[in-house]
J.: 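Structure provided below as structure tokens; questions to follow.
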Amino acid sequence: MINQFSLNIKYLSINFVGNKALEEGVFQSKHLVDHIDQFTKESLIKYFIEPFKMEEFYHFQHSSAINLNEVFSYAARIFESPKQLLKVAHDLAGFLYEKTTHPNIKSGEFYVCYFENLQLDDKVMDAIGLFKSESKDTFLKVFSDEQDYHIETHSGISIKKLDKGCLIFNTSKNEGYKVCVIDSTNKSVEAQYWKNDFLNLKQISDSYNFTRNFLTVTKNFIAEQLDDEFEIDKTAKIALLNRSVDYFKENETFQVKDFEKNVFEDADMIESFRKFGSAYLDNNNIAIADSFEISDQAVKKQVRIFKSVLKLDKNFHIYIHGPNELIERGVEKDGRKYYKIYFNNEA
């Protein structure tokens, strides 16, 4: 987590980046933002920093050489000489504009910020922040004179929601710096220009990403692939989901063969899982080690996508957390379907 106590905004540049497809252009400020009062500085730090959870990290990447990644190169210039920030911010704004080629991409203010004394875990370092505000909110301003109250409406940026953001930490330069990213506007294809086209990032190979990605592969395999190859009902699929989660909750270290044996058991199902996982990783440009330390943070986050709920019409939801041997499915002579549930104690 980031410690904001000693964090300071050293330099800040604000530019406007429009939509290139709509020929909205770029407005480049001539000067850095100066004379920021303490309350505004604290509000900016809250707006820029608090949305980042500091769990999932990335590196800059390039198919040929890392220094050919434009944002990596611009960040390196700023770290070498922070006083260059205004000029480099203009270059970054121009480069971002070149990536806004889809007509649905919103225009907005583009901030380039240099942070001092950013404490990440136990290390203190400088960092560069790239942020874009695309959404505007309506605010009410209530004020009074000697006799009455008055009210006005203003349009502005809410510090409670950061649309797009990127923090570049001045560490691990040879690997492409340590980077975290936010894109909260939407998940459509055109919205991915921030992370993929502009920043060009890849996940860091660490326990958090290994755990998160393997749980995602498992969930997708059970939800999307099993029905195509095996005769399996919903209760059995839920049991597989529960066993998958239990493995990650009960073990400190992950071993792929041990996981496959404990969760899927059947040799044909294991082989199908391996093929599905290999294709998924290739299609998403993801790598997962066969053995790694399990991240408790990733497990807690990914468990939310594992649905252990059996929905029956609009009348009943059955939450299944135990073995599927305790629930039995059948059909009455008149065609009505039923589930028989076995239990020892009633709470």
Side-chain angles (χ1 to χ4, degrees), residues 53 55-63 175-176 179-181 183 187-189 191-192 195-196 199-310 320-324:
K53 303 303 180 184
E55 297 168 344
E56 187 175 354
F57 289 96
Y58 296 82
H59 290 313
F60 289 111
Q61 67 174 344
H62 194 276
S63 57
E175 289 79 39
V179 182
C180 52
V181 63
D183 188 347
K187 303 300 180 182
S188 59
V189 174
Q192 300 304 308
K195 178 180 173 182
N196 298 334
L199 298 172
N200 191 9
L201 299 172
K202 66 176 180 180
Q203 289 180 342
I204 287 179
S205 297
D206 60 9
S207 62
Y208 180 88
N209 283 320
F210 286 154
T211 303
R212 173 180 176 272
N213 290 331
F214 203 93
L215 280 168
T216 299
V217 170
T218 303
K219 183 259 183 184
N220 289 346
F221 170 72
I222 295 171
E224 302 170 7
Q225 184 69 21
L226 275 183
D227 289 335
D228 294 340
E229 299 185 38
F230 304 93
E231 292 185 5
I232 183 168
D233 61 26
K234 288 186 177 179
T235 58
K237 291 171 69 174
I238 290 175
L240 289 174
L241 290 173
N242 287 335
R243 288 210 297 268
S244 301
V245 172
D246 288 343
Y247 181 93
F248 278 88
K249 286 182 175 180
E250 296 169 0
N251 292 277
E252 296 181 356
T253 303
F254 174 87
Q255 300 286 344
V256 64
K257 290 185 178 180
D258 185 51
F259 173 86
E260 293 170 344
K261 179 181 178 181
N262 280 274
V263 174
F264 298 112
E265 299 174 342
D266 179 75
D268 292 335
M269 193 176 291
I270 291 174
E271 182 62 26
S272 176
F273 174 70
R274 290 174 179 173
K275 290 180 180 178
F276 178 88
S278 179
Y280 181 92
L281 297 180
D282 288 342
N283 292 336
N284 292 276
N285 193 26
I286 296 172
I288 303 178
D290 290 339
S291 175
F292 54 84
E293 296 296 317
I294 292 174
S295 165
D296 292 337
Q297 286 182 316
V299 172
K300 291 177 182 178
K301 186 172 183 179
Q302 289 303 98
V303 162
R304 302 170 192 166
I305 71 172
F306 279 67
K307 304 296 183 182
S308 300
V309 184
L310 186 64
I320 303 174
H321 302 290
N324 64 321

J.: Any pair with a residue in residues 268-281 that passes salt bridge (Lys or Arg N to Asp or Glu O under 4.0 Å), sequence neighbours left out, goes on the list, sorted by first then second residue, please.
T.: E260-R274

J.: How many angstroms lie between OH in Y280 and CD in E224, if you round to the nearest 0.5 Å?
T.: 8.5 Å

J.: For the CG atom on D282, are there more than 12 heavy atoms of other groups (residues, nucleotides or ligands in this structure) within a distance under 6.0 Å?
T.: yes

J.: Considering only heavy atoms from C-beta outward, does the side chain of L240 approach that of L226 to under 4.5 Å?
T.: yes

J.: If you compare all heavy atoms of S244 against all heavy atoms of V263, which two are closest, and at what distance to 0.1 Å?
T.: OG-CG1, 3.4 Å

J.: Quick one: CG on N251 to CD1 on I294, what's the gap to the nearest 0.5 Å?
T.: 5.5 Å

J.: Among all residues two or more places apart in sequence or in another chain, which pass the side chain to side chain contact (heavy atoms under 4.5 Å, CB included) test with N209?
T.: E56, Q203, I204, D206, N213

J.: Taking side chain as C-beta onward, heavy atoms only, is L199 less than 4.5 Å from Y58?
T.: no

J.: Evaluate the side-chain proximity of Q302 to F248: yes if any heavy-atom separation is below 4.5 Å, no if none is.
T.: no

J.: Suppose we screen for side chain to side chain contact (heavy atoms under 4.5 Å, CB included). Which residues come up paired with Q61, at least two apart in sequence or across chains?
T.: N200, K202, N285

J.: Check K237 against I222 and note the closest heavy-atom contact, atom names and distance.
T.: CE-O, 3.1 Å

J.: How close do M269 and F221 get, heavy atom to heavy atom, and via which atoms?
T.: O-CZ, 3.9 Å

J.: Which residues satisfy the side chain to side chain contact (heavy atoms under 4.5 Å, CB included) test with K249, sequence neighbours excluded?
T.: V245, V299, V303

J.: Sequence neighbours excluded, which residues qualify as side chain to side chain contact (heavy atoms under 4.5 Å, CB included) partners of E293?
T.: S207, T253

J.: With a sphere of 6.0 Å drawn around CD of E250, does it hold more than 12 non-hydrogen atoms of other residues, nucleotides or ligands?
T.: yes

J.: Measure from the side-chain N and O atoms of S295 to the backbone N and O of T211, and report whether any donor-acceptor pair falls under 3.5 Å.
T.: no

J.: Search all heavy atoms of S272 against all heavy atoms of E229 and return the closest pair with its distance.
T.: OG-OE2, 3.0 Å

J.: Test Y247 against every option in F214, F259, F264 by the ring-ring contact (aromatic ring centres under 6.0 Å, His included) rule and name the one that passes.
T.: F259

J.: Centroid separation under 6.0 Å, is that true for the rings of F254 and F210?
T.: no

J.: Let me confirm one number: the CG-OG1 distance from N284 to T216, rounded to the nearest 0.5 Å.
T.: 9.5 Å

J.: Between D246 and N242, does any side-chain donor sit less than 3.5 Å from a side-chain acceptor?
T.: no

J.: Going by the rule ring pair (Phe, Tyr, Trp, His ring centres under 6.0 Å), which residues pair with F57 if we only count those two or more places apart in sequence or in a different chain?
T.: none

